[in-house]
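Within every chain, numbering begins at 1; the chains are lettered A, B, ... in the order of the sequence lines, protein sequences first and strands thereafter. Computation of the quantities below employed the complete heavy-atom set of this structure, encompassing side-chain atoms and omitting hydrogens, waters and symmetry-equivalent molecules.
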Number of protein chains: 2
Amino acid sequence: MSTVPVPDVPISAVERTTGLSKDTLRIWERRYGFPRPRRDAQGERRYPSDQVHKLQLIRRLLDRGLRPGQLVGAPLEELIARAAAEDAPAPAAAEDASPFETTLRLLGACDEAGLRAHLFLLLQRLGLQRFVLEFAAPMNARVGEAWSRGQLSISQEHLYSEQMQHQLRHWLGAIPPGIGQPTVLLTTLPGELHQLGLLMAHTCLGLEGARCVSLGLQTPAWDIVEAARQHGAQVVGLSFSAALRKKNALEMLQDLRARLPEAIEIWAGGALWDPLRRSILGVTFVPRLDALPRIVAEYRARAGVGTAAHG
Amino acid sequence: MSTVPVPDVPISAVERTTGLSKDTLRIWERRYGFPRPRRDAQGERRYPSDQVHKLQLIRRLLDRGLRPGQLVGAPLEELIARAAAEDAPAPAAAEDASPFETTLRLLGACDEAGLRAHLFLLLQRLGLQRFVLEFAAPMNARVGEAWSRGQLSISQEHLYSEQMQHQLRHWLGAIPPGIGQPTVLLTTLPGELHQLGLLMAHTCLGLEGARCVSLGLQTPAWDIVEAARQHGAQVVGLSFSAALRKKNALEMLQDLRARLPEAIEIWAGGALWDPLRRSILGVTFVPRLDALPRIVAEYRARAGVGTAAHG
DNA sequence: TCGACATATTTGTCCTAGACAAAAATTGAC
DNA sequence: GTCAATTTTTGTCTAGGACAAATATGTCGA
C-alpha cells in the first residue's frame, strides 16, 4: 500500500503502457463505449488505472489472435474467462524434464541464478551451434507463446531475453572475427525491439565463417544503405519479430530494396512472414535459422567464392 | 542506381524515421509551410525523400538546442551552414592518440575489427572497473556529441554501442552471480532505447558486490513493481538517456514511485536530470557512475548490512 | 553586469468527427 | 472441401481549433 494515490493517467501514458495508439483508444471509445476515461479541467481524457489494466488484458488477448469487436465491449469477467480458456489446452503435453520445461519453470519462479546456470550448462553440453538451433530458437517461440497466454509476465520475458543475450554475446565474442565470405551487415528496421533473433542469426552466420557486422536494432533504411557501402557488405541481414506491424514492415522492406544497390542481397528472417514471402523481388527469405548454412553455401556457389580460408 | 524508383513515404514512416510525431509534422506544415508533402489518390500525405532528409537534419539541430521557428522555415543551405557552424568549436582540442580519439577515428573509418581489438586491449589494460568509469562513461558522451554534430552517422553510433555492449556483457558474465546486498532490479522505463547506460550501471553494481537482476529495456511501471516483489529487490535501478522526453520521464517516474512499496528504493541515473533532480521524493539520483560505490555504501550503512560476505 | 520576476511568444499535444482501405470473416460456387 | 467474391471489421488518416507548458524577452533592483 502506497500513501500517494495513483493518479488517473493521460492518453499519452496509456499509449505508452498498452501499445495502443491514441487514435485507436479514441475510436474504441467512440465505437464500443470502452474505455470511458474521465475528463480533466481542460476536457482532456484521464484514464483510471482499472481501465488501463483492462486495456492491457485486452491487448494480450488481441496478441493471441482474438478480435477487438468481441473484446473491447465485453465485461471484465468475460475477458478473464476467455484468457483462462486459452490457457488450458497447451500445458498438458510434453515431458517435464526437457530443457524447455525446465527453462519455463525457472522463469516462472523468477530464479535468475538458476536460469543462468541452466543456460550455461545447456550451452556447454550442446555446443554453441546446437544450442542456438535446437534450443534457443524453439525456446523463444515457447516463451513468446507462454507470454501471450498470460503464463509469463513481461518482466519474466525480459529476464529470459536478457539472460539468453548474455550467453550468446559471451560466446559470440569467442568466434574469431570473420574474414570470410560473405560480409553480412546485420540489423533490424526501425520499430523492431527484439534483439534475440538478430543475435541468433549473428551466431549462426559467424559459425558458418561469414564476416558479420552487427548494428543492433532499428537502423533507418538510408543508414543501412550507407553502412553497407562503408563496410563493404555483400549481404544485408534483417531480423523481424511478430511485433512489427505487417504493413509497415512490407513498406520499409520494399523501400530498402529500392535504395540498396542490386548487387547487395537482402536476407530477411524471423516471424510473421507467411503472407509476405512472395511479395518482394530481390529478398531472400530465411524461413528458419537452420536454413542459414544452406543459404550461405548457395551464396558462395553463386558468387564463386569459397569459405573464409579460400576467400 | 536502383531500377525501382524510391517511393514517397507516408506520414507514419516519417514519424518513425525522424522521431517527430504526426501531430508535429502536420502543424509544422500548417505554420511554417514545411514539410510540404505531395498527396496520394486518397489525399494522404506522401513525403519525398529529400524532405525527409531535411527533417532529419532539423531534428539533429533541434537536439543541439536550436528552436523550430528558426529552422523549419529556413532553406536547406542555411541549415547546413548552421550545422557546420556548430561543428567548428570542438574538434580542435585534445591529444590525437588518446583512447577517445582513437575510438572516434576507428568509428569514423567503420573499422569494426580495429574497434573490437582497441576496446578489448583497453579493457585488459585498465581492468573492468576503470574501463567503465574512466573510459566508457566519457566515451559515450563523446560519441553522442559527435553524432549530434553530424560527425558520426546513426550506423556508426550503432556500431559503437554494439561493440561496447559485447565487451561489457562478456566480462559481466565473469562477475560471480551476486549473493550480496542490496538486490537491485535494473531496467528502464518504456520508451527508452539506450542499453549502454544500464549495462554500465549493472557492471558497477556487480563490482560492488550487489546482487543485480537486469530486465533489459522498457519495462512498464506495473511490471517493475511485480518483478521487484518476485525477485525480492530492495532497490530498483533505472537508467535514463537524453532521448526520453522530459515530461514523460517525470510522469512515469512519479507513477512508479507511487506504486512501489516505500521500503523499496529507486536509484535513477543517466542524462537529462538537471532540472528534475529535486522534484521527486523517494528517488535517489545517481549523478555519475562513480557515485555508485558511495551510494551502495550508504545503503549498507543505512540498512545495517555488510557486503556480500556478511549479508 | 548580473540575478529575479513579470509578460509575451513559441511550440507540441490534445480535441472532434468524418472518411476510407486493408485485413478478416462470411458467403457462394464449384 | 477449396477457391473467389462479398460484407464486416478495424486502424489510420484527414481538418482546423484550442490550450498549457516551455522558452524568450523586457523590466527592475543590487
Discussion item. When you measure from the side chain of R82(A) to the backbone of L61(A), do you find a donor-acceptor pair of N or O atoms at a distance under 3.5 Å?
Written reply: no

Item to complete: Indicate, with a heavy-atom threshold strictly under 4.0 Å, whether R26(B) touches base, sugar-phosphate, or nothing.
Response: base

Worksheet item: Of A13(A) and G69(B), whose nearest nucleotide on DNA chain C comes first from the 5' end?
Response: G69(B)

Worksheet, complete the sentence: Winner on side-chain proximity to R45(B), out of dG12(C), dA15(D), dG11(D), is dA15(D)

Discussion item. Whole angstroms only, please: what is the CD-P distance between Q42(B) and dA21(C)?
Written reply: 5 Å

Worksheet item: Do NZ/NE/NH1/NH2 and the carboxylate oxygens of R60(A) and E157(A) come within less than 4.0 Å?
Response: no

Worksheet entry | Side chain of T24(B) - closest among dT13(C), dT14(D), dA19(C) | dT13(C)

Worksheet item: Whole Å only: how far is the CG atom of L25(B) from the C1' atom of dA15(D)?
Response: 16 Å

Discussion item. Between P on dT10(C) and CG on L71(B), what's the gap in Å once rounded to a whole number?
Written reply: 14 Å

Worksheet item: How many Å lie between CG on L20(B) and P on dT11(C), as a whole number?
Response: 13 Å

Item to complete: Please answer whether the main-chain N or O of L238(A) pairs with a side-chain N or O of T188(A) as donor and acceptor at a distance below 3.5 Å.
Response: no

Practice prompt. Check whether any side-chain nitrogen or oxygen of Y32(B) sits under 4.0 Å from OP1 or OP2 of dT11(C), and answer yes or no.
Written response: yes

Practice prompt. Locate the shortest heavy-atom distance separating Q51(B) from P35(B); write the atom from each residue and the value.
Written response: OE1-CB, 3.3 Å

Item to complete: Send over the distance from Q70(B) CD to dA24(D) P, rounded to a whole Å.
Response: 8 Å

Worksheet item: Has the side chain of R31(B) got a donor or acceptor that lies under 3.5 Å from a partner of the other kind on the base of dG12(C)?
Response: yes

Worksheet entry | Integer-rounded Å distance: dG12(C) P and E15(B) CD | 14 Å

Worksheet item: D23(A) side chain: which of dC14(C), dT13(C), dT12(D) is closest?
Response: dT12(D)

Practice prompt. Kindly say whether, by distance alone, the side chain of R30(B) makes a donor-acceptor pair under 3.5 Å with the base of dG17(D)?
Written response: yes

Worksheet, complete the sentence: Closest to the side chain of R67(A), out of dC13(D), dA21(C), dA24(C), is dA24(C)

